[in-house]
Participant: 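Pasting in a structure now, in structure tokens, and then I'll have a few things to ask.
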Amino acid sequence: MASNPPGKCCFEGFYHEGQAKGTHKDVCGVDTYVTGAENSSDRVIVILTDIYGNRLNNVLLTADQMATDCYQVYIPDILFNDPVVALDGSTDFNAWLAAHPAEKVQELVTKYLTDLRAQLKPKFLAVVGYCYGAKFAIQQIGANPLADCCAIAHPSFVSIEEVDAISKPVLISAAEEDPIFPEELRHQTEAKLKENKARYQLDLFSGVSHGFAARGDTSNPVVKYAKEKVLVDQLYWFNYFSGCCQK
């Protein structure tokens, strides 16, 4: 295992305030938040969410920020209309996880990206995965990649076999304090990426814990900095590989 299964820390966090600019609509048969529709569909980002799904304001605001940088951004519902709602850690996470088997989510994500590629025919498609969604993002840059590039933050239940199969560039944003992606598993992941001569970047943020990039307490300046820096890094990563900036 390159990161542990989701735990209690994946089922708590803070709500981010702001007005989302995009809309929810049916895309490839899946409820999807879409933003940046005014941009060309040549460059597409698909965000695979944590267990809070594609209705939590936090991820909508993140998508809107990504869309200002020449991308169309899509957030499909990968939770079958059954997201966790409470941010206070009160959800029975074992029961929720048992009701959302990874194989079922993987099937949905693979079909969605296949259909989206066929529909939009983008020149560049990137995937972002936060926590729960990181596993499915990593799968899309494996042996038969549907994505051209990937960025994940504080990943959960990614297997070392999935890391071993990575064939496209990957950016990993990690928290200093994270029982789901602890130091030993982080180093194991680095070793495998290095062994395979993968194109990767792994950033470690001090003073933050699991979930900081998706639902961290932005009233804390350390968390706020780390969250905002992750987004800057992700966009720079995608810009480089999509040709949006000079190489």
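Keep in mind that this is a model prediction, so the values were computed, not measured. Side-chain atoms are counted along with the backbone in the values below, which use heavy atoms only and exclude waters and symmetry mates.
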Participant: With heavy-atom distances below 4.5 Å as the criterion, would you say the side chains of I172 and T189 are in contact?
Facilitator: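 They are in contact (side-chain heavy atoms under 4.5 Å apart), so the answer is yes.
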Participant: Are K168 and F241 side-chain neighbours, meaning at least one heavy-atom pair lies under 4.5 Å?
Facilitator: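 Side-chain contact under 4.5 Å: no.
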Participant: Considering residues at least two apart in sequence or located in another chain, which fulfil the ring pair (Phe, Tyr, Trp, His ring centres under 6.0 Å) criterion with Y74?
Facilitator: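 For Y74, no residue satisfies ring pair (Phe, Tyr, Trp, His ring centres under 6.0 Å) once neighbours in sequence are set aside.
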Participant: Less than 4.0 Å between a side-chain N and a carboxylate O, is that true for R55 and D31?
Facilitator: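 The answer is yes: the pair qualifies as a salt bridge.
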Participant: Check for a donor-acceptor pair, side chain of T110 on one end and backbone N or O of E107 on the other, with a separation under 3.5 Å.
Facilitator: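 No; zero donor-acceptor contacts below 3.5 Å.
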Participant: Taking atom types as modelled and ignoring hydrogens, do the side chains of S40 and Y71 form a donor-acceptor contact shorter than 3.5 angstrom?
Facilitator: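 No, because no side-chain N or O of S40 sits under 3.5 Å from a partner of the opposite role on Y71.
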Participant: In this structure, are over 12 heavy atoms from other groups packed under 6.0 Å from N144 atom CG?
Facilitator: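 Atom CG in N144 is not crowded, with 12 or fewer foreign heavy atoms closer than 6.0 Å.
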Participant: Would a hydrophobic clustering, with Ile, Leu, Val, Met, Phe, Trp and Tyr connected at side-chain separations under 4.5 Å, put F212 with I47?
Facilitator: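 No, separate clusters.
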Participant: Check whether NZ of the Lys or CZ of the Arg K229 lies under 6.0 Å from the centre of the six-membered ring of F205 and within 45 degrees of that ring's axis.
Facilitator: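 Not flagged: K229 not positioned over aromatic ring of F205.
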Participant: Does any N or O in the side chain of N196 come within less than 3.5 Å of the main-chain N or O of D164, such that one atom is a donor and the other an acceptor?
Facilitator: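 Looks like yes, one N/O pair under 3.5 Å.
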Participant: Do the ring planes of H154 and Y130 sit parallel (below 30°), tilted (30 to 60°) or perpendicular (above 60°)?
Facilitator: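 Because their plane-to-plane angle lies in the 30° to 60° range, the rings of H154 and Y130 count as tilted.
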Participant: If you round to the nearest 0.5 Å, how far is OG1 of T114 from CG of L146?
Facilitator: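 Going from the CG atom of L146 to the OG1 atom of T114 covers 4.5 Å.
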Participant: Measure the shortest side-chain to side-chain distance between F11 and D88 over non-hydrogen atoms and say whether it is less than 4.5 angstrom.
Facilitator: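 Counting from C-beta outward, F11 and D88 never come under 4.5 Å.
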Participant: What are the two closest non-hydrogen atoms of N57 and G18, and how far apart are they?
Facilitator: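 Closest heavy-atom pair between N57 and G18: ND2-O, 3.0 Å.
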Participant: If I compare all heavy atoms of S167 with all of G142, which pair ends up nearest, and what's the gap?
Facilitator: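 Heavy atoms of S167 and G142 come nearest at OG-O, 2.6 Å.
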Participant: Over all heavy atoms of both residues, which pair between G207 and V222 is shortest? Give the atoms and the distance, please.
Facilitator: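 In this case the closest contact between G207 and V222 is O-CG1, 3.8 Å.
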Participant: How close do L204 and R186 get, heavy atom to heavy atom, and via which atoms?
Facilitator: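 Heavy atoms only, the tightest pair is CD2-NH2, 3.5 Å.
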Participant: Do P145 and Q140 have side chains that get closer than 4.5 Å, going by heavy atoms?
Facilitator: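 P145 vs Q140: side chains apart.
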Participant: Ignoring hydrogens, what is the shortest heavy-atom contact between T62 and L231? Give both atom names and the distance.
Facilitator: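 Result for this residue pair: CG2-CD1, 4.1 Å.
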Participant: Is the shortest side-chain N to carboxylate O distance from D148 to R43 below 4.0 Å?
Facilitator: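 The answer is no: the pair does not qualify as a salt bridge.
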Participant: Looking at every non-hydrogen atom in both residues, tell me the closest pair between P122 and S41 and how far apart they are.
Facilitator: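 Result for this residue pair: CB-O, 3.4 Å.
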Participant: Report yes or no: do H187 and E190 form a side-chain donor-acceptor pair below 3.5 Å?
Facilitator: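 There is such a pair (donor and acceptor under 3.5 Å, judged by atom type) between the side chains of H187 and E190.
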Participant: So do S173 and I152 actually touch side chain to side chain, heavy atoms under 4.5 Å?
Facilitator: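 They are not in contact (no side-chain heavy atoms under 4.5 Å apart), so the answer is no.
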Participant: Against the six-membered ring of F157, is K135 placed for a cation-pi contact (under 6.0 Å from the centre, within 45° of the normal)?
Facilitator: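 Checked: cation-pi criterion met.
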Participant: Quick one: does S3's side chain have a donor or acceptor within less than 3.5 Å of a partner on V158's backbone?
Facilitator: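 A pair under 3.5 Å: yes.
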Participant: Flag the pair P83 / Y52 as yes when at least one side-chain heavy-atom distance between them is below 4.5 Å, and no otherwise.
Facilitator: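 A side-chain contact under 4.5 Å is absent here.
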Participant: Would you please test Y33 and D64 for side chain to side chain donor-acceptor pair (under 3.5 Å) and show each step?
Facilitator: CA-CA 10 Å; Y33 180 77; D64 288 345; 2.8 Å; yes
Participant: Should R215 and H210 count as side-chain neighbours, where that means a heavy-atom distance under 4.5 Å?
Facilitator: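 Yes, their side chains come closer than 4.5 Å.
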Participant: Run the ring pair (Phe, Tyr, Trp, His ring centres under 6.0 Å) test against H100 and tell me which residues pass, sequence neighbours left out.
Facilitator: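 Ring pair (Phe, Tyr, Trp, His ring centres under 6.0 Å) list for H100, sorted by chain: W96.
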Participant: Between D178 and S209 (side chain of the first, backbone of the second, donor and acceptor by atom type, cut-off under 3.5 Å), is there such a pair?
Facilitator: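 Here the side-chain-to-backbone pair does not exist.
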Participant: Whether E195 and K192 form a salt bridge (side-chain N of Lys/Arg under 4.0 Å from carboxylate O of Asp/Glu) is what I want to check.
Facilitator: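 So K192 pairs with E195 through a salt bridge.
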Participant: Is it the case that the side chain of Q72 and the backbone of N39 share a donor-acceptor pair, with hydrogens and angles ignored and the cut-off at 3.5 Å?
Facilitator: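 Yes; at least one donor-acceptor contact below 3.5 Å.
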Participant: In the structure I gave you, are the side-chain heavy atoms of L171 and D203 within less than 4.5 Å of one another anywhere?
Facilitator: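 Side-chain contact under 4.5 Å: yes.
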